[in-house]
Amino acid sequence: MEVIVAREPDGGYTVRALGGDAGLPPRLGEAELVRHAARVEAELRPRWVFAAVEHDYPALLGGGVRVRRCHDLSLVEGILLAYEGRHDQARWLAAAYARARGLEPPAEAGPGHPDLDEQPTLFDPRGSGLPAGVAAAEAAEVVYAEQRRRIERLPHPARLRLLAAAESASALAAAEMSADGLPWRADVHDALLTELLGPRVPTGQRPRRLAELAERIQQAFGGRPLTLDHPGSIVRAFGRAGITVPSARAHVLRGIDHPAVAPLLEYKELARLHSAHGWTWLDQWVHGNRFRPVFVVGGVVSGRWASRGGAALQIPRMLRACVTADPGWKLVVSDAAQLEPRVLAALAGDRRLAEVSASADLYTSLAEAMFPGVPVDAANRGRAKIAMLSAMYGGTAGEAASLLALLRQRFPTAASYVERAALAGERGEMVRSRLGRTSPPPSAAWRALTGGTANEDQARRAARDWGRFTRNFVVQASAADWTAVLLATLRQRLPAPAHLVFFQHDEVLVHTLAELADEVVACLAAAVHDTTTLVFGSACPVRFPMPAAIVDRYADAK
DNA sequence: ACTTCCGAGCTT
DNA sequence: CCTAAAGCTCGGAAGT
């Protein structure tokens, strides 16, 4: 059974049930919706169809209602439009409805409009963008049926169905993570800042430690004042000291012999901490010992998530000590080890690489395979890693080219898989992930550059750049397929008090009652197994280790 | 005064 | 350290 819920411009909701009677009034207010949704979910366990989980689910979460399954029309529309080569078209409900009905696109969805995918907000004077007399739920029903038809017409409908379900479930998980929040000890964070920077100072002032370092740096440059937070000023200061530097980046400065370098490096590190994750950040983003960012599912073309506010996917390792389980609770921290090379092995069907994946440390066994008869040391493992990363990213610098050639010799199936993707990109063609995410077409500027008779060098470089992008896309987007399915299956399996609180590309955090931690670890192992079977089939010979640690603090994992 | 750009650094 | 991709955020400077 399916229940379609869509918000109307007046803040109310229209609802429709497909395949049964859910006992729902066709039109209802938010409080009423929450009440009915709780009952319907408990009794009927339907698939909920939302215009966009991001907009529609928080109201239910706010009322304490969680749903098991859903279909996110906006996310699926984005995936289908990309598959059909129409990346530029809007995904929001009224635009999708107009396409399904063969109507003129709604005004707000015109190309070049800044709010291409912005749904009209509550009480938006523009209305829903739907034709007069068309209820939002009615439009959603039309779009839902149309999406299902479009999926069935594709070459691998089962994969797209899986992707649609996994992406939609990921959106549920993202909204729930924001609602639950990541456990974050403000007192630990404050103590760390005080230890490193000195006592707290008002916003806009320089903490004591930074002021001391600034003074020492200025002395080292002969007392002349400089703007430490402006890279150009630092480059000029070194220039006056007779040292030419291309930039003020930390790794450049590290190679310079000058008394200002040591305090400058320390200043840069601490100033970064202060400006990006200092007291201002703490006040703005952490409340009640919870960090609540907004995760943007499908925010990256490859299918990776992005985040809005608080730089949620850029938490410095140094601050992971602040992420602490509540008393009586634990964190289960787990990341998929060397996910991308394993995904490549499965994608390409490379049996020899699959054998290498049997090892928990893929790069060690890869080194054994690449340098037979040589004992594996850190250097050889490092070379094997460079070879693999170069295959997936298109690197050519240093010894990457020769290592890549060796890898190609030993693993021709995997190597040719990514090379075909790169060549397709160089020709301007689209490539797809395992489940059907599609790379965007190159820009008009790219076509002009590579198609014209302009500058051959430039054209060649542009083609190669895009080939690197599509080479990486097939692997990264297929890894995103795998993790989306993992989130969906794990979310389904977790015992009720345990919940996902963080997800970062190939890493998950679950906050759980301590006595359930072992069960969570078992759920995770089962979810990994299900995921690999769902994405790559039951005969997939590639192993996907995902070791989990039960800890009190995120910093204590690994 | 406002917006836009740039360099930098953080994560995967 | 490097090899590559992308996204978020800051502070300062340049442009309007």
Side-chain angles (χ1 to χ4, degrees), chain A residues 203-204 206 210 226-236 245-255 264-265 267-278 280-281 284-285 293-320 323 335-341 343 363 378-379 382-404 407 418 421-422 425 439-440 464-477 479-480 483 502-508 554 558:
Chain A
T203 302
R206 202 175 245 172
L210 286 179
L226 70 169
T227 318
L228 283 175
D229 299 318
H230 183 232
S233 174
I234 292 169
V235 170
R236 280 196 300 276
V245 285
S247 72
R249 293 182 189 166
H251 74 266
V252 170
L253 300 186
R254 257 186 272 280
L264 191 48
L265 287 172
Y267 177 89
K268 283 169 86 82
E269 195 183 337
L270 294 177
R272 163 86 195 175
L273 175 68
H274 181 236
S275 71
H277 287 96
T280 310
W281 182 93
Q284 189 179 356
W285 291 105
V294 174
F295 294 100
V296 186
V297 177
V300 183
V301 286
S302 67
R304 280 187 167 189
W305 291 14
S307 66
R308 202 160 41 218
L313 301 178
Q314 291 86 33
I315 299 171
R317 303 185 79 88
M318 191 194 289
L319 291 184
R320 291 183 182 184
V323 181
D335 76 298
Q338 302 109 24
L339 178 61
E340 293 194 348
V343 163
Y363 292 124
R383 286 193 192 96
K385 186 173 176 180
I386 288 176
M388 180 52 81
L389 295 183
S390 300
M392 294 187 300
Y393 300 142
T396 53
E399 54 174 352
S402 60
L403 288 168
L404 184 52
L407 183 95
V418 279
S439 67
R464 277 185 189 283
D465 284 350
W466 199 253
R468 264 205 312 280
F469 172 67
T470 52
R471 171 194 288 264
N472 182 243
F473 184 93
V474 291
V475 178
Q476 190 183 112
T483 54
F502 193 58
F503 167 65
Q504 184 170 226
H505 309 314
D506 59 2
E507 187 177 16
V508 295
Y554 188 12
K558 231 177 24 166

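Letters A, B, ... mirror the listed sequences (proteins, then strands); counts begin at 1. Heavy atoms only: backbone and side chains are in, while hydrogens, waters and symmetry mates are out. All figures in this text were calculated on a predicted structure; none of them were measured in a lab.
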What's Arg320(A) touching, base or sugar-phosphate or nothing? Going by heavy atoms closer than 4.0 Å. sugar-phosphate
For Lys385(A), answer base if it contacts any base atom (sugar-phosphate contacts may also be present), sugar-phosphate if it contacts only those atoms, and nothing otherwise; contact means non-hydrogen atoms under 4.0 Å. nothing
Mind checking if Ser233(A) touches a base, just sugar-phosphate, or nothing, with heavy atoms under 4.0 Å? nothing
Atom-to-atom span, CZ of Arg236(A) to C1' of dG7(B) - whole angstrom: 13 Å
Please round to the nearest 0.5 Å and tell me the distance separating atom OG1 of Thr227(A) and atom CD1 of Ile234(A). 9.0 Å
So, the side chain of Arg304(A) versus the backbone of Ala477(A): is there a donor-acceptor pair under 3.5 Å, distance only? no
Side chain proximity check, Glu340(A) to Tyr393(A), heavy atoms < 4.5 angstrom: yes
Once you apply a heavy-atom cut-off of 4.0 Å, does Ala271(A) come out as touching a base, just sugar-phosphate, or nothing? nothing
I need the CZ-C1' distance between Arg317(A) and dT12(B), as an integer number of Å. 10 Å
Separation of dA8(B) atom C1' from Arg272(A) atom CZ, nearest Å, is 8 Å
Heavy-atom closest contact (Ala248(A) atom, Lys268(A) atom, distance): O-NZ, 2.7 Å
Do His505(A) and Thr483(A) come within less than 4.5 Å of each other through their side chains, counting heavy atoms only? no
dG9(B) C1' sits how many Å from Asp229(A) CG, rounded? 13 Å
Mind checking if Gly232(A) touches a base, just sugar-phosphate, or nothing, with heavy atoms under 4.0 Å? nothing
Take the angle between the ring planes of Trp305(A) and Phe503(A) and call it parallel below 30°, perpendicular above 60°, tilted in between. perpendicular
Quick one: label Leu403(A) by what it contacts on the DNA or RNA (base, sugar-phosphate, nothing), any heavy atom closer than 4.0 Å. nothing
Tell me the interatomic distance from Phe295(A), atom CZ, to dT11(B), atom P, rounded to whole angstroms. 16 Å
Given side chain to side chain contact (heavy atoms under 4.5 Å, CB included), test Leu228(A) with Leu210(A) step by step and report yes or no. CA-CA 10 Å; Leu228(A) 283 175; Leu210(A) 286 179; over 6 Å; no
Along DNA chain C, first and last positions that approach a heavy atom of chain A under 4.0 Å: dC2(C) to dA13(C)
Students often get this wrong, so: under 4.0 angstrom with heavy atoms, is Ala248(A) touching a base, only sugar-phosphate, or nothing? sugar-phosphate
Below the 4.0 Å mark, does dA8(B) have OP1 or OP2 next to a side-chain nitrogen or oxygen of Arg249(A)? yes
Between CG of Leu270(A) and C1' of dC10(B) the distance, given in whole Å, is 15 Å
Could you tell me the separation between the CE atom of Met388(A) and the NZ atom of Lys385(A), rounded to the nearest 0.5 Å? 12.0 Å
To the nearest Å, give me how far apart CZ (Phe502(A)) and C1' (dT12(B)) are. 10 Å
Strand-adjacent residues in residues 298-306 of chain A, judged by heavy atoms under 4.0 Å from DNA chain C: Val300(A), Ala306(A)
Do any N or O atoms from the side chain of Thr470(A) and from the backbone of Trp466(A) form a donor-acceptor pair under 3.5 angstrom? yes
Relative to the 5' end of DNA chain C, which residue comes earlier, Arg254(A) or Ser275(A), by the nucleotide with the nearest heavy atom? Arg254(A)
Are there over 12 heavy-atom neighbours, none belonging to Arg320(A), within less than 6.0 Å of that residue's CZ? yes
With nearest nucleotides of DNA chain C determined for Ala276(A) and Phe469(A) from heavy-atom distances, which residue corresponds to the more 5′ nucleotide? Phe469(A)
